[in-house]
Amino acid sequence: MRIFSFSSIDSTNRKALELAEQGADHGTAVVAESQSRGRGRLGRSWQSVPGKGLYCSIILYPNLPLVDFPRLTFAAGLAVAEAIDRLYHLNTGLKWPNDIYFGRKKCGGILTESANLQASSPSRRSVVVGIGLNVNTAENDFSEELRMRATSLLLQSGREIALDELFSCIHSGLLAEVDRFERQGFQQLMGRWRTRDILKGQRMRWLSTEGCCVEGISLGPDDSGLLHIVDDAGCRHEVLSGDVQLAASSGQEK
Ligand code: BTN
């Protein structure tokens with residue numbers, strides 16, 4: 001397994017997908033100090049303040065049935081949150097499905113993309129886990145638009161953080177989490193994930209990929225990762241994808 005480091009690149013996910021196509025092995029990673037075209041979820045872009053954040057992508061060949069592949073996103077969020085807490089003694093929250101949060105502020109996000117899912121051999125099906133974290137970002141480094149709703153590990157811990165140590169802890173933690181998922185299944189993982197859920201019991205809004213909006217109280221994700229919401233009329237919704245946000249009480253969420 002190799003680690004490819006770049007001072008600047010368009011997108012570490014794009015590069016990792018290319019390496020996976022070329023047959024890079026499990027655990028191979030791409031890390032960059034800056035990205036010119038960082039990709040976010042749902043077709044958004046990811047602002048990558050040069051030198052201040054962790055921008056990395058890790059290639060996995062999970063020994064799991066295809067139905068479990070989308071669930072790796074929860075494994076990734078959990079691995080990142082546990083690495084941060086272990087290193088800096090923080091209390092990292094997760095927002096479904098895998099945003100990294102402190103209180104109502106976002107500190108990082110994860111974009112999971114697949115390659116070779118139609119590969120003839122199941123052992124060649126790969127997933128790229130792209131992780132973007134605000135690390136040594138000061139308030140003024142964030143654009144005005146982001147400042148109200150973004151935070152960083154520097155702002156949370158009050159200390160400057162070594163990016164290489166953080167990367168290595170996340171990298172080894174993610175590989176261990178995937179191994180555990182393969183051996184022990186998804187339920188144990190969701191059990192730990194739920195203890196970090198920032199939406200549970202909160203008023204929230206779900207915008208489906210088809211453009212429908214539901215507002216209600218989050219009941220949290222079930223054992224298969226589906227998020228349950230109960231709306232004001234008492235109807236229960238099961239959310240598989242789309243955008244979820246804390247409802248507007250503070251006006252700080254995107
Ligand atoms: C999100 O929308 O919250 C997910 C953001 C993921 C950003 C990371 S930065 C490293 C990797 N490379 C990319 O192009 N995107 C991911």
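Numbering of ligands and ligand atoms starts at 1, following listing order.
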Which ligand 1 atoms are under 4.0 Å away from a heavy-atom of [X]?
{"X": "Arg39", "answer": "5 (C), 6 (C), 7 (C), 13 (C), 14 (O), 15 (N), 16 (C)"}
{"X": "Thr12", "answer": "10 (C), 11 (C), 12 (N)"}
{"X": "Cys56", "answer": "10 (C), 11 (C)"}
{"X": "Ile110", "answer": "4 (C)"}
{"X": "Gly38", "answer": "14 (O)"}
{"X": "Asp99", "answer": "3 (O)"}

Would you mind checking if [Y] and [X] are paired as a salt bridge, meaning a charged N to carboxylate O distance below 4.0 Å?
{"X": "Arg203", "Y": "Asp232", "answer": "yes"}
{"X": "Arg71", "Y": "Asp68", "answer": "yes"}
{"X": "Asp223", "Y": "Arg194", "answer": "yes"}
{"X": "Glu177", "Y": "Arg192", "answer": "yes"}
{"X": "Arg196", "Y": "Asp85", "answer": "yes"}

Just heavy atoms, cut-off under 4.0 Å: does Lys106 contact ligand 1 by side chain, backbone, both, or neither?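 Looking at Lys106 and ligand 1, just side chain atoms fall under 4.0 Å.
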Taking heavy atoms and a distance under 4.0 Å, where does Arg14 meet ligand 1: side chain, backbone, both or neither?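 It is neither part, as no heavy atom is under 4.0 Å.
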Atom 8 (C) of ligand 1: which of Gly132, Gly108, Ser57, Pro97 has the nearest heavy atom?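 Of the listed residues, Gly132 has the closest heavy atom.
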Does ligand 1 come near enough to Trp46 that some N or O of the ligand is less than 3.5 Å from an N or O of the residue?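 No, since none of the N or O atoms of Trp46 sits under 3.5 Å from an N or O of ligand 1.
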Would Tyr55 count as a polar contact of ligand 1, with the cut-off being nitrogen or oxygen pairs under 3.5 Å?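 No, since none of the N or O atoms of Tyr55 sits under 3.5 Å from an N or O of ligand 1.
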Side chain to side chain donor-acceptor pair (under 3.5 Å) partner of Asp243, chosen from Arg41, Arg44, Arg205: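 Answer to the side chain to side chain donor-acceptor pair (under 3.5 Å) test with Asp243 among Arg41, Arg44, Arg205: Arg44.
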Could you tell me if Arg124 sits above the aromatic ring of Tyr61, with its cationic atom closer than 6.0 Å to the ring centre and no more than 45 degrees from the axis?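 The answer is yes; both the distance and angle limits are met.
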For ligand 1, is Arg44 a contact, meaning one of its heavy atoms is under 4.0 Å away?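 Not so, Arg44 does not reach ligand 1.
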What's the shortest heavy-atom distance between Arg147 and Glu139, and which atoms?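 In this case the closest contact between Arg147 and Glu139 is NE-O, 3.1 Å.
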